[in-house]
Amino acid sequence: MRIATWNVNSITARLPRLLAWLESSGTDVLCIQETKCTLEQFPTDALREAGYESAVNATGRWNGVAVLSRVGLADVVTGLPGGPEYDGVQEPRAVSATCGGARVWSVYVPNGREVAHEHYAYKLRWLGALREAVAADAAGTLPFAVLGDYNIAPTDEDVWDPAVFEGATHVTPAERDALAALRGTGLSDVVPRPLKYDRPYSYWDYRQLAFPKNRGMRIDLVYGNAPFTAAVKDSYVDREERKGKGASDHAPVVVDLDVR
DNA sequence: ATGACTTATAGCATAAGA
């Protein structure tokens, strides 16, 4: 079974590339972030015609997540149970489902903006709620993984130049501690292999030729429990999808699982 | 070649991204 996670930066803008990539990659289950659409705008019909069921948590212009599956879609949970509010609302940043023998979460962790910003404190609270919400499944016997855009580079090796990120979000000890606490529930970082260069970056800024210069970050992560990681046959970043006109600024992270 | 940001919006500049 091929599972992937991809921040598409608007599913409306990305739909042609999304459909083409689903077909060319042979992905069975795709966790999507930043759909940037309402529930009504989500392309459920086009995806169904392509053979995928959709579980969607989307409310409008910002955020939005989904799980697509062509191997079954059951026990959908929309949102992060116990998750914090920002500006009085629970933003659409989580959706989970059981697909073909594995349970997956698609998460879009808050960005944080700046360390002094209220959004950063919200990010840490959100990660704390995520840890509590996944603990039982993380300790379970069913292959289970939390996939998505974590907006955190786990180590300095996961950014193209640590000096550039000094004092910035995505690399602070508190954010990395939150990741460690999440791993503490029984999850492990499934580190993909890069298809080029030495680091498996998954995000490159649109500006200043970041992609051709490989000035990237590894912030799209797959955290799997022991039954999940035991079934991993391969994992890679499909950087080809970052190329060309109409690309997202994130590339898909793909995991091949040996489950029936 | 991979190429100098992109997206959605009761818009025409702004907020957000990271």
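Labels below follow one simple rule: chain letters A, B, ... track the order of the sequence lines, proteins then strands, and each chain is numbered from 1.
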- Separation between the P atoms of B/dA10 and B/dA15, rounded to whole Å: 15 Å
- Message: Base, sugar-phosphate or nothing for A/Arg113? Non-hydrogen atoms, less than 4.0 Å.
- Response: sugar-phosphate
- Over-ring placement of A/Arg242 relative to A/Phe211, 6.0 Å and 45° cut-offs: yes
- Note on the structure: Heavy-atom nearest nucleotide on DNA chain B taken for A/Lys213 and for A/Asn9; more 5' hit belongs to A/Lys213
- Item | Below 4.0 Å: OP1/OP2 of B/dG17 and any side-chain N or O of A/Asn7 | no
- Integer-rounded Å distance: B/dA18 C1' and A/Leu221 CG: 14 Å
- Taking CH2 from A/Trp204 and C1' from B/dA18, how many angstroms apart are they, rounded to a whole number? 14 Å
- Task: Tell me what A/Asp149 touches on the nucleic acid: a base, only sugar-phosphate, or nothing, going by heavy atoms under 4.0 Å.
- Result: sugar-phosphate
- Rounded distance in Å - CZ (A/Arg17) to P (B/dT6): 12 Å
- Donor-acceptor contact present, side-chain A/Arg48 to main-chain A/Ser54, <3.5 Å: no
- When you check the phosphate oxygens OP1 and OP2 of B/dA18, does a side-chain N or O of A/His250 lie under 4.0 Å from one of them? yes
- Message: Would you measure the distance from the C1' atom in B/dA18 across to the matching atom in B/dC5 and give it in whole Å?
- Response: 13 Å
- Item | Any donor-acceptor N/O pair under 3.5 Å between B/dT2 base and A/Lys196 side chain | yes
- Query: What is the distance from NE2 of A/His170 to P of B/dA16, rounded to the nearest Å?
  - Reply: 15 Å
- Task: Say whether, by atom type as modelled, one donor and one acceptor occur between the side chain of A/Lys123 and the main chain of A/Asn111 under 3.5 angstrom.
- Result: yes
- Task: Look at all strands and tell whether A/Gly60 reaches a base, only sugar-phosphate, or nothing, counting heavy atoms closer than 4.0 Å.
- Result: nothing
- Just say parallel, tilted or perpendicular for the rings of A/Trp105 and A/Phe144, cut-offs at 30° and 60°. perpendicular
- Task: Taking only the side-chain nitrogens and oxygens of A/Tyr108, find out if one of them lies under 4.0 Å from OP1 or OP2 of B/dA18.
- Result: yes
- Taking NZ from A/Lys36 and C1' from B/dA18, how many angstroms apart are they, rounded to a whole number? 12 Å
- Item | More than 12 heavy atoms of other groups within 6.0 Å of A/Glu85 CD | yes
- Query: Looking across every strand, which nucleic acid part, if any, lies under 4.0 Å from A/Asn151 by heavy atom: base, sugar-phosphate, or nothing?
  - Reply: sugar-phosphate
- Give a yes or no answer on whether the side chain of A/Thr169 reaches the backbone of A/Glu114 with a donor-acceptor pair at less than 3.5 Å. no
- Query: Using atom C1' of each nucleotide, how far apart are B/dG11 and B/dA16 to the nearest Å?
  - Reply: 15 Å
- Starting from C1' on B/dA18, measure out to CG on A/Asp220 and report it in whole angstrom. 11 Å
- Select base, sugar-phosphate, or nothing to describe what A/Glu34 touches, counting heavy atoms under 4.0 Å on all strands. sugar-phosphate
- Message: What contact category does A/Arg14 fall into here, base, sugar-phosphate, or nothing, at under 4.0 angstrom with non-hydrogen atoms?
- Response: sugar-phosphate
- Message: Under 4.0 Å from OP1 or OP2 of B/dA15: is there any side-chain N or O of A/Arg61 that close?
- Response: no
- Task: Output the single nucleotide from B/dA8, B/dT2, B/dC5 whose closest atom is nearest the side chain of A/Thr12.
- Result: B/dA8
- Message: Between B/dA4 and B/dG17, how far apart are the two P atoms, rounded to whole Å?
- Response: 23 Å
- Note on the structure: Sorted by position of nearest nucleotide on DNA chain B, 5' first, the leading residue of A/Thr169 and A/Thr38 is A/Thr38
- Query: Looking for any heavy atom pair under 4.0 Å, which part of the strands does A/Phe165 touch: base, sugar-phosphate only, or nothing?
  - Reply: nothing
- Any donor and acceptor pair, going by atom type alone, linking the side chain of A/Arg70 with main-chain N or O of A/Tyr52 inside 3.5 Å? no
- Message: Under 4.0 Å, counting only non-hydrogen atoms across every strand here, what does A/Lys123 touch: a base, just sugar-phosphate, or nothing?
- Response: nothing
- The side chain of A/Ala13 lies closest to which of these nucleotides: B/dC5, B/dA18, B/dA8? B/dA8
- Task: Would you mind reading off the distance between A/Asn63 atom CG and B/dG17 atom P, rounded to a whole angstrom?
- Result: 7 Å
- Query: Taking CD1 from A/Ile11 and C1' from B/dT6, how many angstroms apart are they, rounded to a whole number?
  - Reply: 17 Å
- Tell me what A/Ser248 touches on the nucleic acid: a base, only sugar-phosphate, or nothing, going by heavy atoms under 4.0 Å. nothing
